[in-house]
Each structure stands twice: as structure tokens, then as C-alpha cells.
2 protein chains.
Amino acid sequence: MYQKTETYQKILNEAEKLFATRGYDASSIRDITTNAGVNLAAIHYHFGSKEKLLEKLIKKKLKLLNKQRLSALSNLEKKACGKPLRPSDILDAFFGTLFDMFDDKNNGGDMFLRLLGRASLEQNSNLWSIVNLEDNNVITKFKSALFYSLPDVPKIEIVWRFHFMIGATSHAISGTGISKIFNTAEIKPESKTTSRLLLKKRLMPFLLGGLRSPLPMKTNNNLKP
Amino acid sequence: MYQKTETYQKILNEAEKLFATRGYDASSIRDITTNAGVNLAAIHYHFGSKEKLLEKLIKKKLKLLNKQRLSALSNLEKKACGKPLRPSDILDAFFGTLFDMFDDKNNGGDMFLRLLGRASLEQNSNLWSIVNLEDNNVITKFKSALFYSLPDVPKIEIVWRFHFMIGATSHAISGTGISKIFNTAEIKPESKTTSRLLLKKRLMPFLLGGLRSPLPMKTNNNLKP
DNA sequence: GTCTATATCATGATAGAC
DNA sequence: GTCTATCATGATATAGAC
């Protein structure tokens, strides 16, 4: 892929900067184009709309993330020589990369997650469906690895738990409601840096515990009491 | 609390309906006031702004939810006669009520979660802090119950895991990314109704597994290899 | 093809008359 | 409390310059 035009790149860079610092709604296309030194209508010309511009940014980030995920999984599989992987390693390959991207402040890592979250909440947004397509191959590969790794667990349960793990992780990373939870006299709050460093170490056992927890009862439970 | 004025109530009702169906951004104050049969300026007069109107709605829902939560917890504690509660019961009291509210389609249950999610993502929104205050008493009580129920687990770990559980639940309930996860040939998709009914049954073991999973290693690990 | 200038529209907010 | 008029802003469409 070549560089596209200079205007195109200027807009992309400025939008990423502004979205990251102010958020999507607070970044007007007037702000973006003015700061980028281009015309107001340039966003419409190059991207179609402000929303499409956001799409472009998200897809760019997502592509990078998923490349890292697949690479991590592939490395694990090479070492395993056809044997099932350890669930914890699979989770590391999937969620660990996300943490790395999140910690990459210079590349607007947390903005990415925030915007992804926003995209999933907007009712009339087609952003999420676009993200799905992009992500589908990765999800499929990781699900397969989990199926193979946990042959005694029904696939449908694994899929559900994958879903739950993604939720816990998104929420934890975006920091939603952190202060609410930690604001009590009983707990001496850790410094922000400390908890940041420890977050991954804390979340991973939680995810693994959830993934491996006993299966729910069948709806029609015919066992004797 | 008395009825306030008729106009006030009309706006509240119409706003709840429109936010639930179209989302916040797509519901203009012109739509709301027109449908409600009141003047355009009435929202500003009675609530101050569109955002404040949303606040009002969220607080109303939240108050109801938290009342139910405290009531459920209180019932458990009465039955326990001072003994620690079972973790699964505590989770039921906290998350089960959320599921019930979510399933209350007639009262705009899923709109509530969507708007709450939105509120937490908007950077310059003070909605979340308002929600915090409202929620603080409830969180504190449930944390205490968990501390008492799991005396061998460090409090800080319990708090973190509470946070993770909330994330998994929000994500699961809002349905974010469901299609992404389930779209593969390997799994025959359950009907929407079925998975809805089974969601709670599936999530609870996951949460419990996460809550009770082995603790993470200390950062400074002095144990011999 | 790339970009700019301009016009137009919808929205949230507000002032002031009644 | 209610209403009309008006404003500032953001988003978008179009015409046309280079």
C-alpha cells in the first residue's frame, strides 16, 4: 500500500491525535481540518464522513493487533508440534497482545479501545460489523485452538466463555468504573502506575479460572437429587 | 416524591422511549418535545440541558436496580444469621438483579445498559461520576459481603475480581460482539431466545470460576524454583 | 484525480416577550 | 411556565478551480 496523498495522511494523523485526546464527539471536522491545514470538505472527499474516518483508524489499529495475535498463536503451535496448547498460553496470545497495544501510549493505544467501545454502543453504527469481518479469521483460529486444547468442554461453552473473557478484558482495560470499585476506606489504593503494571497479572488468572470453571447444569436436569 | 408538572413527566416519558429506540444522539430535543406535545424550550427549562435529562433517566433506573440489590443481599444476610454468605449467592444478588432488569423489555431495560455504557465512554461526561455516587453504598455493601465470605483472599484481589466480573457481565448483557464470536461453521447457533434464557446460567459459573481462581504470583517472587 | 470555496441544513442552547 | 425568535456550531452537498 502506498502513501496516498499528503492531505489524506495529514487528516488521518490529526484525527488520531484529536480523537485520542478529546474523544470522537468533541473533535469536530472543523478542528481536524483546520489543525491539519486542509480544507473543511477534505474529510468528506477522502473518507465520505467523519464516521468513515473513524472506521479507517480503527481498521488500521485492528490490523496490526490481529497480525500480532496470529503471529503469537503461530509461534505457540510451532513449538507444540501438533499437540494441544495450554489454555493459558492461548489466552496470553490473544489478550496479552491487546495489553501490549494498550500500553503503547505513543500509538494511542487506549484511544483505540475507547473508540472501539464507542463503536459497539452506537446503535446505528455499522462500525462493529466492519470490525467483525476484519476479526473473523483471528477469532476462528483462536476458537479452534481452544477447542483442541479443551476437548472435554462442549464447544458452545467455550465460545460463550471466550465472549465473557473479552468482556472482562475490555472493561478492565478501558478502566470503566475503576474509581467506583476502589473508593472505600478498607482498601488502600495502589498507585495508578502500579495497578497498571499488575492488571495483566491479575486479569489472566481470573480469565483462566472462568474458562475452566465447572460447567453449568443442564436445563433439563434428570439427575436424582 | 410528587408528580412534578405534567410537562415534566411527558418529557421524561418521551425521552425514555426515544432514547431506547433510537439512542441518545439520534434523538433530538426537537423530536422529544414535538412527540411529547410540549414546547421546544421546555427541556431546557425543566432539566437544563439534554444531557441533564439523560442523567435524570439513568438515576431513576439505577435507584430501582440498587434497591433490589440491597434487598436481595439483606434477605441473604437475614437467613445466614451472621455467618458468611456463599460467594455464588452474593453474585446472584448483585448480577441476577441486573439480568432481571435487562429482561424487563417493557421498562426499557436494555436501553438503560446502553446509555450507561455510553455515559462511561464519553470523556467529558460527568454522568459516570454521578452514577458512582449513587452506586457507592451498594458496591461497598457487596464488597464487604465478599470479604467476609472469602477471608483467605486478599481484599485487593477481591475488588479487582469484582471489577472483572462487572466487565464480563456488562459485555455479555449488552450483546456486544456476539455475532462475531458465534459466526462459524463449527457451532450451530442457538436461537436468540434460547441463548437469552441460558445467558445467566452460563455466565454465573464463569464469574464464580474467575472469582475463586488461584491467586496470581507475587511480583517479587522469592520462592525457590 | 485532487482539492477548495461556498451554500445549506439540523441541532442544542438561550434570550426575552407574554 | 410557556412560547417565539434567533444564534453558534457541526455535518454535508455541490460547483468548480487546479
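Chain identifiers are assigned alphabetically (A, B, ...) following the order of the sequence lines, protein sequences preceding nucleic acid strands; residue numbering begins at 1 within each chain.
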Show me, pair by pair, the donor-acceptor contacts under 3.5 angstrom made by side chains of residues 38-45 of chain A, not counting sequence neighbours?
residue	atom	partner	partner atom	Å
N39(A)	OD1	A41(A)	N	2.8

Can the ring centroids of F142(B) and F162(B) be said to lie less than 6.0 angstrom from one another? no

Run through E14(A), R30(A), K17(A) and flag the one making a side chain to side chain donor-acceptor pair (under 3.5 Å) with N35(A). E14(A)

Please report the distance, rounded to the nearest Å, between CG in D25(B) and C1' in dG12(C). 12 Å

Are K50(B) and Y24(B) in a cation-pi contact, defined as NZ or CZ under 6.0 Å from the six-membered ring centre and within 45° of the axis? yes

Over-ring placement of R161(B) relative to F206(A), 6.0 Å and 45° cut-offs: no

Report which part of the nucleic acid L40(B) touches: base, sugar-phosphate, or nothing (heavy-atom distance under 4.0 Å, all strands). base

When you measure only distances, ignoring hydrogens and angles, does the side chain of R30(A) come within 3.5 Å of the base of dA11(D) through a donor and an acceptor? yes

Counting any heavy atom closer than 4.0 Å, what does T33(B) reach on the DNA or RNA strands: base, sugar-phosphate only, or nothing? nothing

Using the 3.5 Å cut-off, write out each protein N or O paired with an N or O of nucleotides 1-3 of chain D and the distance between them.
residue	atom	partner	partner atom	Å
dT2(D)	OP1	T7(B)	OG1	2.8
dT2(D)	OP2	H46(B)	NE2	3.1

Distance, rounded to the nearest Å, where I32(B) contributes CD1 and dT11(C) contributes P: 11 Å

Nearest-Å distance for atom pair CD1/C1', residues I29(B) and dT6(D): 14 Å

Take the protein atom CG of L54(A) and the nucleotide atom P of dG10(D), then report the distance between them rounded to whole Å. 18 Å

If I compare all heavy atoms of I32(A) with all of I11(A), which pair ends up nearest, and what's the gap? CG2-O, 4.2 Å

Answer yes or no: does a side-chain N or O of H44(A) lie under 4.0 Å from OP1 or OP2 of dT12(D)? no

Taking T97(A) for the side chain and R69(A) for the main chain, is one N or O donor matched with an acceptor at less than 3.5 Å? no

Separation of dG10(D) P from L18(A) CG (nearest whole Å): 12 Å

Write down the distance between CZ (F47(A)) and C1' (dA13(D)), rounded to a whole number of angstrom. 18 Å

E51(B) CD - dT11(C) C1' separation (whole Å): 15 Å

